[in-house]
Peer 1: 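One structure, as structure tokens, below. Some questions next.
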Amino acid sequence: MARFILTRLGQTLVTLALLTILIFVLARLTGDPTPLVLPSEATEADRAFFREQYGLDRPIHEQYVVFLRNVLHGDFGISFRYREPAFNLVLMAIGPTLQLAGVSMLVAVMLGLPLGIAAALRPGSWLAAAVRAYASFGQAVPTFWSGLMLIFLFAITLPLLPSSGYGEVENFVLPAVTLGFYASASVTMLTWANMTEALRSDFVQMERVLGIPRRLIVLKHALRNASLPIVTYLGLQFGLLLGGAVVTERVFAWPGVGQMLVDAILNRDYPVVQAAVMLTAVLVMTINLAVDLLYAVLDPRVSRS
Amino acid sequence: MTLPNEPLLVVRGLNIEFGPPERPVRAVADADLTLAPGEILGIAGESGSGKTTLCSAIMRTLPRSARVSGRVEFAGKELLSLSEREMARLRGRDLSMVLQNPMTSLDPLYTIGNQLEEVLRERRRGGAEVRPGGAVEVLRRVHLTAPELRVRQYPHQLSGGMRQRVLVGMATAAAPRLLIADEPTTALDASIQDEILILFRELRDTAGSAVVIVTHDLSAIRRLSDRVIIMYAGRIVEEGPTAEVFRAPRHPYTRALLGSLPRIEDEEVVLQPIPGQVPDLARLPPGCAFAARCPVALDACRAERPQESTVGERHRVFCWQAAAGGAA
Amino acid sequence: MSATAEERPAGAGGLLGARLWRSGAGRPPLLATAICLLMVVAALGGGAIAPYVPDEADFTAILVPPAWAEGGSLAHLLGTDQLGRDMLSRLIAGARISLLTAGAAVLAGGTIGVTLGLAAGYLGGVVEAVIMRIVDAFLALPFILMALAFVAALGTGVGNIILVMVLTNWARYARLVRSEVVSIKKRDFVLLARVAGLRPWQIALRHILPNALTSILVLAVLDVGRAIILESSLSFLGVGIQPPDVSWGLALAEGRTYMTVAWWLTVWPGLAIVLAVMSFNALGDWMKAGFDPRGRL
Amino acid sequence: MNPDTSPPMVEAVGLTKTFALPATTLFGKARSVTAAVDVSFRIPRGRTFGFVGESGSGKSTVAKMLLKLEAPSAGRLLVEGEDIFAQTPAEELAYRRKVQAVFQDPYGSLSPRMRADRIITEPLRAHGVSRREAEDRVPDLLRLVGLPPESARKYPHEFSGGQRQRLAIARALSVDPQLLVLDEPVSALDVSVRAQVLTLLREMQQRLGLTYLFIGHDLAVVRYLSDTVGVMYFGRMVELGPARLVLRHPAHPYTRRLVALAAGDAPLGAVRMQGELPNPLSPPSGCLFRTRCPYADATCAARLPEMRPVGPDHLAACHHHEAVAAGTKAETGPLLQEA
């Protein structure tokens, strides 16, 4: 068990290190940031001073070491646009993003789990067909479109809810439904598939011939076995939700990391881009690691061997 | 309730079909069988002979796509017409089953003790509490070593033989009147197979249960069962007292089957393989399904399905040759 | 032992379509197939089919509603946008961009991923460790964030977006192929191929790749839908396809301002995306049901 | 060629295979599991050596080493006097033509995406035979194993289990090998089909002068084909000798038990095998079988018995082999009831 945790931790660190290389390489690809940062009237001496200050005149591997050291200190540089440390800006935006992703996740689970289980329990029924239609529609609707349609319906045609903004409970409804609906489709399909497989397993057959009541077979045995892969998937899904939040935030003008990232890209504000990408990556990987450990605790085949 | 001499299980004219109605696959055809209380019946046959399907029909665990007709009477109850709820009440208490693969038949996420107690709790009608040592007792009854330790272990920590013991313990916890064992030893090593078979005999001796053992392993049937049924391509071809069938098989298929078993006791091992292969169940010939592989087939065998003929006390066979006395 | 009898592994041997048909996947989804084909025709036909030049403004016909609505005209079946450009022609042009970017992402990304996954799974050891850690790094971020990171470095426009999509896509193929190879490698017929004297590359190409191919194909078809959403999302955010090129996502973003007065500007591109993605997904699910009854993908 | 001076087809000397397991505790030592220890045997040309044992006894590991799918951790494996783990690539290719195999699972042994003719010709093609020449041989090979020549165009899923094993045999025979490794080739087959394949294997050996390494768990089946048998228990060979001698007069208590169990006439419960197999990670001291053996005493716990002669060409690894051969302690009765 201890070994399993350490192996996973090690893998995560290696992946993170590789990711920093990737981001560093991408940062270099964008070219010399000097003209972006300094005003056009800056002298050649100013430019040289800037390059030296940021280590841009040194060999590439040394630059990476500097970059890595700075990243470890949470120093991604000063935002070109806001003249503030990029890391601080992103840190301020992460809260709203996490809230949105969290509430959407709740929506997704509350829709997806019961639908998936119901469909698995009634294969071939109209209910299963309806759930399939729901899930395939949900997987195909991009959030920017469903978001706009919801705004059109509930903010413009029937002015019930605000179309944008942040802070009040009603601000959450449309963005969370938009994002949660999208995520619920894949949660439904995954729950369905795993529940079906669990219900077909030999031990469920055995419990049937032993006369164990169906309620107990479904809730205690099939559901718990099916929940193991679902738990893992929900971890992954949270990462996808953070990604999906980028688009949703844009539609609803939500003050999150995604909104900030897109703005930064459009304004070529690279320190903010790097900070946003890196911070999200750390977040996603931490969640995945936690989910893996949770899985190990839930499955005696991992924890007791 | 049944009288002592009344049969425990009566199957009459059981037919089970799968696939599209216009081109059905008949997995079991016109099956009749009778089982007395406390009797051990062996059902032998190769893959596709319908033996497992027959048992699933008795337990009512066939997939929904199966079309079943005929009658299955258990202790005077018609099982095929029971509701799923009534059937579930019988399962595990009055009739129970052991499945083929011990490796996957236990829930990997719960301890052995937890799963055993769940079964025991279901046995107690009227909400009586389960005695704390009940699970250990069950494991001791199936001769599992260190039962106090086993109840705290998870399935993956036990070997295949140990798991099958646990499963037999679960299936027999309520001393059912009928236990069906479907290939209970196939997945196990030779040295463990007998130990599992012995459990079935102990169950009969101590609880008076009847046992149906379904297997392709003729030697297991020979040593365990009182009576044997041989199936081929979905039909019963021969039925009789075990000793008599093995000593003087009357159906050419039974004879061929015994002849194709290598025996270790003989000076020189001689094998007489059956030529050809098992026919496709969707395209059975009009006559006897074995005719194409039968060394003594008559024209009648290819034209018409053989009728039942009695060739001794409680010994019946479906073969034109045997009926005519020609193959004796 | 008696289990050996009726088991017929699904989807073995024969032509792909016939194999799927036999394997119990059911009838192919006809409507979905038709829509997919229609998209391909629109993408290939492009200008020849479209009634107007998609980016040609016509200030005499601004915001004309669809033909059947009040004020609509048969000249513009689906209406026109704020610059008087014909919506139908723009949708057709958008199909071309969507399929081009998605196709490139799937083909190029798939080829790179399959090659690396095959190498990792088959060679094992250090090669595997290195490739798989890189794969992990590329998959560490949700795909849209990864794509944004690449866009930030590479810039926008059709060429760059294709590159971005290839970069975000290859790793999933590599991961799938590697896990397939690792399991196929242990199967008896591969061991027997070694016994027969086949060289490692022969085994990889003749035994391992064909047996992994069905999973790859299913992933590829399902991926088209994902790629269409990714491209339209980037374009919607303004960091994807840039005018004068036409993309469904871009059209949606442009039409957003006029949502209250001209619903058709946002509804048509959205519907186009949903229909296209649903059709490719339905096709992929059908293939998956045939090839992969246990749902490993 | 004088059979007395030429080296045997196969000679294994002290063959050992250990697999490393990852440590379970963080700073624990990496542990290893021994699949086969100190296995020695020889197979004369044209004869069959039968390997008997239960699952996990290490018999398949030996087969995999002979096929060069695994390398031994210690010991040598000679085929026709040549160490097969000291070959150049060219020699290895030649070796692969000499040795072929048939495995247990008729469903996993054939690539599901290849037609029968390609399956059969694949080994030939691997050894540089032209496609045309290889395909010319297909009808003969199919006929040889009792399949109709039309089946060349079929895919594996169109064959039954027994037919697939025939196909696997045809493929193995295509390169005219001298040695066939048969790893439980009939265990997954139905009784009637099993007999067909066994008679086919015996016929092939007689017609083509093949040497077999036959692995099985069913003693009667092994005896049907084998001249010599080796009995494996938990990675070690415990008894070795002429098949008839070993299976009629076993000298090791384990073999004795297996033989008694295999006799179809023995009433149920007459032979009891007590206990479970030992844990591979913590094997018992001394003799590995002592935890299940009625003859076990202090000697068995203290010392591992060596293989030593108990009769002509007959070896057994038991401290008490005289007593076992004499049958002083019954395998029956209440003594072993508490299992």
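In the text below, chain A, chain B and the rest are named by the order of the sequence lines, each starting its count at 1.
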Peer 1: What part of Arg171(D) is in contact with chain C, defined as an atom under 4.5 angstrom from a non-hydrogen atom: side chain, backbone, both or neither?
Peer 2: side chain
Peer 1: Distance from Ile208(C) atom CD1 to Ser111(D) atom OG, nearest 0.5 Å?
Peer 2: 10.5 Å
Peer 1: Kindly indicate, with the supporting measurements, whether the criterion side-chain contact (heavy atoms from CB on, under 4.5 Å) is fulfilled by Glu122(D) and Gln202(C).
Peer 2: CA-CA 11 Å; Glu122(D) 190 179 62; Gln202(C) 289 175 315; over 6 Å; no
Peer 1: I need the single residue from Leu110(D), Asp105(D), Val102(D) that forms a side-chain contact (heavy atoms from CB on, under 4.5 Å) with Asp188(C). Which is it?
Peer 2: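 It is Asp105(D); the other options fail the test.
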Peer 1: One pair to check against side-chain contact (heavy atoms from CB on, under 4.5 Å): Val195(C) and Val99(D). What are the steps and the verdict?
Peer 2: CA-CA 8 Å; Val195(C) 169; Val99(D) 182; 5.8 Å; no
Peer 1: Are the side chains of Met114(D) and His207(C) in touch, meaning some heavy atoms are under 4.5 Å apart?
Peer 2: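 Sidechains of His207(C) and Met114(D): in contact.
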Peer 1: What closest approach, in Å, do Pro112(D) and Asn211(C) show between heavy atoms, and which atom pair accounts for it?
Peer 2: CG-OD1, 3.4 Å
Peer 1: Enter the distance from Leu191(C):CG to Lys64(D):NZ here, rounded to the nearest 0.5 Å.
Peer 2: 6.0 Å
Peer 1: Using only non-hydrogen atoms and a strict under-4.5 angstrom cutoff, which residues of residues 125-136 of chain D touch chain C?
Peer 2: Ala126(D), His127(D)
Peer 1: Hey, does Arg96(D) have a side-chain heavy atom less than 4.5 Å from the side chain of Leu198(C)?
Peer 2: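 No, every pair of side-chain atoms sits at 4.5 Å or beyond.
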Peer 1: Which atom pair, heavy atoms only, marks the closest approach of Lys68(D) to Arg194(C)?
Peer 2: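 Shortest heavy-atom separation between Lys68(D) and Arg194(C) comes out as O-NH2, 3.9 Å.
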Peer 1: Got a donor-acceptor contact below 3.5 angstrom from the Arg187(C) side chain to the Ser109(D) backbone?
Peer 2: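 Judged by distance alone, no pair lies under 3.5 Å.
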Peer 1: Side chain, backbone, both or neither: which part of Arg118(D) has an atom under 4.5 Å from a heavy atom of chain C?
Peer 2: side chain
